[in-house]
2 protein chains.
Amino acid sequence: MATIYEVAKMAGVSPATVSRVFNGIGVSEAKTQAVRDAARQLRFSPNRTARSLRRQESEVIALVIPDIENPYFTELARGVEDVAQKAGYSVVLCNSDAQVEKEARYLQIAIAEHMAGVILAAAADHTNLDDILATGRPVVAVDRGTGYDIDGVVMANRSAGRAATENLVDAGYRRIAFIAGPELIETAQERAQGWRAVMASRVPDAPVDELLRYSSFQVDGGRGAMEELLALAEPPDAVVAGNNLIGVGAIQVLTEHGLTPPRLGVAVIGSLPFTTLSPSAVTIVRLPARHMGVTAATLLLERIGGDGQPSRTVVLRNEVQPATAVRSA
Amino acid sequence: MATIYEVAKMAGVSPATVSRVFNGIGVSEAKTQAVRDAARQLRFSPNRTARSLRRQESEVIALVIPDIENPYFTELARGVEDVAQKAGYSVVLCNSDAQVEKEARYLQIAIAEHMAGVILAAAADHTNLDDILATGRPVVAVDRGTGYDIDGVVMANRSAGRAATENLVDAGYRRIAFIAGPELIETAQERAQGWRAVMASRVPDAPVDELLRYSSFQVDGGRGAMEELLALAEPPDAVVAGNNLIGVGAIQVLTEHGLTPPRLGVAVIGSLPFTTLSPSAVTIVRLPARHMGVTAATLLLERIGGDGQPSRTVVLRNEVQPATAVRSA
DNA sequence: GTGAAAGCGCTAACAG
DNA sequence: CTGTTAGCGCTTTCAC
């Protein structure tokens, strides 16, 4: 690749002028044109590595998520990428696989590569951000908090849990189970709290402890928990899935048992983008994942731009899409 | 962050020695230890930007895919990441959105960032790789060819199309439609060819031109094409979906029309990871996407390591998982 | 085995 | 507005 020096020589200017042209700093019309022409001829494109070294900052942001195969997070990634790309930033997608160690490694890389900032959906509740924060690089938390005083974008989880449950109660279900994600993940807890609150007020005699299951935020987690619930002496007549993949797993098991919704009521927190089920059979509490990504990226870019105001947390409201099919039982 | 100079001073050696320790080049036991101790105390981690500038190569590989929201590609990404990560490389996931211009921009970034190599699932058949190849950086094609003489990993597409179709013929279906992806995408064509071959030999009187539909590799594409097919004077009695998302869309439409498989036979090329449908109702021709990612990353790392042998193309066989449910009609 | 020194390509003072 | 110059932090000859 051509360097700034070759362009300078060809255009009859100094390297600094070439740099200025490419950074939008005042240069006379004539020289600007000469530089652009030379650059085009030499197919010059600035060496970002050199620029990053000099500036101590690269035009790359890291997006660290716990599960790249979960459509919720890829939708989030889309939102982040769209915004970043428009601002001239690339996104490094890092899959922490819900492991704190993998996550820590990516955070180290973000430091070593002088990345401009990080958007993080934390793998667990004890992620250590001391190092990255010490570098002054901005970090924005998404989906889950981090315990640090940084910007964040989260879903209205309690409210989502409430909405899903209320919907089921309104439809006439009573023994409503809840399959939560991992016990130590904040979002799982909050959604379960929403469910618990509605149960306490609307179905006070329901055995909530028996009806609450913790699992993983994976299809298999949903499957396992659903099997357990069905094996109960008195199985539930409805279930709230704590996230999209749990919903898929639970519905799979129900289908296998001949209990397709709405025979057994199902509400899912999160979208089922690739479901082949009739959408009217299941209540969906849509979580605006893409919007979360857009918001997080916007906040991050503001911080990268030097915004120093106190940290903000944006809570995104969700949208309920009720099941319209009625129980045939 | 601490630099190599500070570590050197603390350890009482030269910066060069510190560098050598971190690059596994012969340094005496004693000094190695001193350097490691100092590095630990200073929480030193090598500045990758500086290293990349000096070496003219970074430990980053780009993975360019047309749709980050398609589970097929995220599965692929997982495979790539697992291998890359183990070899100390980070992966930048680039979503070209099936647009050649976006793809070109990412390829330019790969050059400007001195990335070590690129794994590319081309957005279209006229991707231009001249620039990136001119830099000497290795590029491995996945899923689709590129028209360049480079390493590649592809699925056995024709065979997948054949297998899917044969399975449906064996199950007694006759008017078997095929919903392909975009007409100018190689994989779409090849899979359709497999279908066409089986139809020609087993159902020679079927009106194949009427039964073949091109669409997009998206849920909506599958929906639209399926609607069209059902609106035919003589609708098909079965359908092969050219990829996973088309399959989802087609099945959604069928469900809405009360034609849940196997009432109308369905075979899908690709997996339905988040389906809530009983797996026995649909024939799945599994495409080993993760394996494709692993293979591609392995090939790429070999090239990065300096392997100069003639270019290779690996064809991955697929695996058929037949529907076991029988038509009730 | 080890150190000194040059330089990767760019940007940011600093002069002019 | 423009050129000169000094590094950013690392690797890599080249001597010793």
Side-chain angles (χ1 to χ4, degrees), chain A residues 1-36 38-39 42-60 88 108-109 111-116 135-137 306, chain B residues 1-36 38-39 42-60 88 108-116 135-137:
Chain A
M1 287 299 287
T3 75
I4 216 173
Y5 288 94
E6 306 171 50
V7 176
K9 187 182 289 176
M10 185 169 209
V13 299
S14 76
T17 298
V18 178
S19 170
R20 289 184 185 111
V21 169
F22 278 88
N23 289 287
I25 299 172
V27 170
S28 74
E29 186 62 35
K31 303 213 168 182
T32 301
Q33 209 35 256
V35 168
R36 291 214 179 285
L42 295 167
R43 324 187 94 248
F44 167 81
S45 113
N47 181 323
R48 289 191 178 220
T49 306
R51 169 183 292 189
S52 300
L53 177 59
R54 178 60 228 232
R55 287 228 201 125
Q56 303 282 48
E57 171 163 321
S58 74
E59 273 111 341
V60 175
Q108 283 304 328
I109 291 177
I111 296 173
E113 298 260 14
H114 286 308
M115 293 187 192
T135 67
R137 300 258 175 285
Chain B
M1 286 301 287
T3 76
I4 217 173
Y5 288 95
E6 305 171 50
V7 175
K9 187 183 289 178
M10 186 170 208
V13 300
S14 77
T17 298
V18 178
S19 170
R20 290 187 183 111
V21 168
F22 279 87
N23 288 287
I25 300 173
V27 170
S28 74
E29 187 61 36
K31 303 213 168 182
T32 301
Q33 208 36 255
V35 168
R36 293 214 177 285
L42 295 167
R43 323 186 94 247
F44 166 81
S45 114
N47 181 324
R48 289 192 177 219
T49 306
R51 168 184 294 189
S52 301
L53 177 58
R54 179 59 228 236
R55 287 230 199 122
Q56 303 282 50
E57 171 164 321
S58 74
E59 273 111 339
V60 175
Q108 282 304 328
I109 291 178
I111 296 173
E113 298 260 15
H114 285 308
M115 293 188 192
T135 67
R137 298 260 175 285

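What you see is a predicted model, and the numbers here were worked out from it, not measured in a lab. Below, chain A is the first sequence line, B the second, and so on; all start at residue 1.
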**OP:** Starting from the first five and the last five pairs of the helix from C/dG1-D/dC16 to C/dG16-D/dC1, work out the angle between the resulting helix axes, to 10 degrees.
**Re:** 30°
Original post:
Hey, is the main chain of B/M115 close enough, under 3.5 Å, to the side chain of B/R137 for a donor-acceptor pair?
Top reply: yes
**OP:** Without swapping roles, check the side chain of A/E6 against the backbone of A/T3 for a donor-acceptor pair under 3.5 Å.
**Re:** yes
Original post:
Rounded to whole angstroms, how far apart are CD on B/E29 and P on C/dT2?
Top reply: 11 Å
Nearest-0.5 Å distance that lies between atom [atom1] in [X] and atom [atom2] in [Y]:
X	Y	atom1	atom2	result
B/Q108	A/R43	CD	CZ	7.5 Å
A/T135	A/Q56	OG1	CD	11.0 Å
A/F22	A/I4	CZ	CD1	8.0 Å
A/R36	A/F44	CZ	CZ	11.0 Å
B/E113	A/S52	CD	OG	5.5 Å

Original post:
Does any pair with a residue in residues 14-29 of chain A pass side chain to side chain donor-acceptor pair (under 3.5 Å), and if so which ones, sequence neighbours excluded?
Top reply: A/S14-A/T17, A/S19-A/N23, A/N23-A/R55
Subject >> Per-nucleotide protein contact string for nucleotides 8-16 of chain D (B base, S sugar-phosphate only, - none; heavy atom under 4.0 Å) >> reply: BBBBBB---
**OP:** Report yes if a side-chain nitrogen or oxygen of B/K31 is closer than 4.0 Å to either non-bridging phosphate oxygen (OP1 or OP2) of C/dG3; otherwise report no.
**Re:** yes
